[in-house]
Amino acid sequence: VRGKLGSAKTKQQLNSEKELVGRAAAGLVQPGMKLGLGSGSTSYHFIRFLGERVERENLRIEAVASSRDSEAVAREVGILLSEPRRGLRLDLAIDGADEIGPDLSLIKGGGGAHLREKVVVAAADYFLVIADSSKLVQQLGSFPVPLEVVPFALPWVMDRVEAIGAEPVLRLEQGGADRPCLTDQQNYLLDCRFGGIDDPAQVAVRLEKIPGIVAHGLFIGYARAALIAQDKEIMVLRSDGTLERFDTCDQLP
Ligand code: 5RP
């Protein structure tokens, strides 16, 4: 496990970090907020802790989930869910990431939910990333950039992605079946290995020009801050690259 924050960690240690930061994020939610709920294991902890607050404090909130999985967890813990609607702005979206660059550019979509995740964070006034310490990197690109692709366009998208220097691999269902993994929208996922990405914004623009790609996993300019757990502490990363111990929400830009 790489990352500026520290040495290799076990899955269990990383899971404790995810839990720690998920709990801290749930503590930031204020009564009456309209929220975007992320997807993945870190968001799962956040949603569960938020559900505890809903029950214990009778916290009144409204939330939009970014995947069917998150919707199911939120429903189970008693969070009131809404669908997107005209005029709805979210106060705060909280979601995980697969890689976090020093300027808060992100790779997301390890769980294949990045299309809805991007829709949700774009509808939010504030996007807060939550992550374990393995996610912070000096340069994006060790993690392959996921693309959600319309099945009809797949072969030509693969050609075009290869032409811009990536190695595309069709994501298959887990458990050895030879079937393509389908997103919540019934599209395919292509995991594109770029290696170190010098200019993520430029790669994002190139991907956006390829017909058939519904969404790519590069999130540039969306996140306002990231809370990153490191052992028993939480750090806050801001877009200017500053990283310090997180003690109070006044430290959030
Ligand atoms: C799902 C995502 C997740 O936020 C990302 O994969 C991080 O997941 P985890 O919290 O399990 O490490 O983008 O599409």
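Along the sequence shown, the residues carry numbers beginning at 1. In listed order, ligands and their atoms are each counted from 1. This one's a predicted model, so the numbers in the text were calculated from it and none came from an experiment.
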Discussion item. As a quick check of understanding, evaluate side-chain contact (heavy atoms from CB on, under 4.5 Å) for L252 and L227, giving each step before the final call.
Written reply: CA-CA 9 Å; L252 293 174; L227 293 184; 4.2 Å; yes

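- To the nearest 0.5 Å, the span separating CG on L147 from CG on N187 amounts to 11.5 Å.
- In terms of N/O distances under 3.5 Å, ligand 1 is not approached by S43.
- By the side chain to side chain contact (heavy atoms under 4.5 Å, CB included) test, D178 pairs with L172, sequence neighbours left out.
- Of all atoms in ligand 1, numbered sequentially from 1 with element shown, those under 4.0 Å from a heavy atom of G112 are 14 (O).
- Of the candidates R116, K118, H114, K108, it is K108 that places a heavy atom closest to atom 4 (O) of ligand 1.
- At a heavy-atom distance under 4.0 Å, only backbone atoms of A97 (N, CA, C or O) approach ligand 1.
- Here the heavy atom of the protein found nearest to atom 12 (O) of ligand 1 is K135 NZ, 2.5 Å.
- M33 and L80 sit in two unconnected hydrophobic clusters of ILVMFWY residues. Membership requires side-chain heavy atoms under 4.5 Å apart, directly or through other members.
- Scanning all protein heavy atoms for the shortest distance to atom 9 (P) of ligand 1 gives S41 OG, 3.3 Å.
- Here the protein heavy atom with the shortest distance to atom 5 (C) of ligand 1 is D98 OD1, 3.3 Å.
- If you take NZ on K34 and CG on D91, they are separated by 6.5 Å, rounding to the nearest 0.5 Å.
- Scanning all protein heavy atoms for the shortest distance to atom 3 (C) of ligand 1 gives S39 O, 3.3 Å.
- V236 and V29 fall within the same hydrophobic cluster, defined by Ile, Leu, Val, Met, Phe, Trp and Tyr side-chain heavy atoms under 4.5 Å apart, directly or through other members.
- Judged by distance alone, with hydrogens and angles left aside, the side-chain atoms of E99 form a donor-acceptor pair with the main-chain N or O of S142 at under 3.5 Å.
- Of the heavy atoms in D132, none comes closer than 4.0 Å to ligand 1.
- Shown are L28, L59, I94; of these, the side-chain contact (heavy atoms from CB on, under 4.5 Å) with L50 is made only by L59.
- For ligand 1, the polar-atom distance check against G40 finds no nitrogen or oxygen pair separated by under 3.5 Å.
- Between E71 and R75 there is a salt bridge, since at least one side-chain N of the basic residue sits less than 4.0 Å from a carboxylate O of the acidic one.
- Ligand 1 places these atoms under 4.0 Å from at least one heavy atom of G96: 4 (O).
- Given atom 10 (O) of ligand 1, the protein heavy atom at minimum distance is T42 OG1, 2.5 Å.
- The closest protein non-hydrogen atom to atom 1 (C) of ligand 1 is E117 OE2, 3.1 Å.
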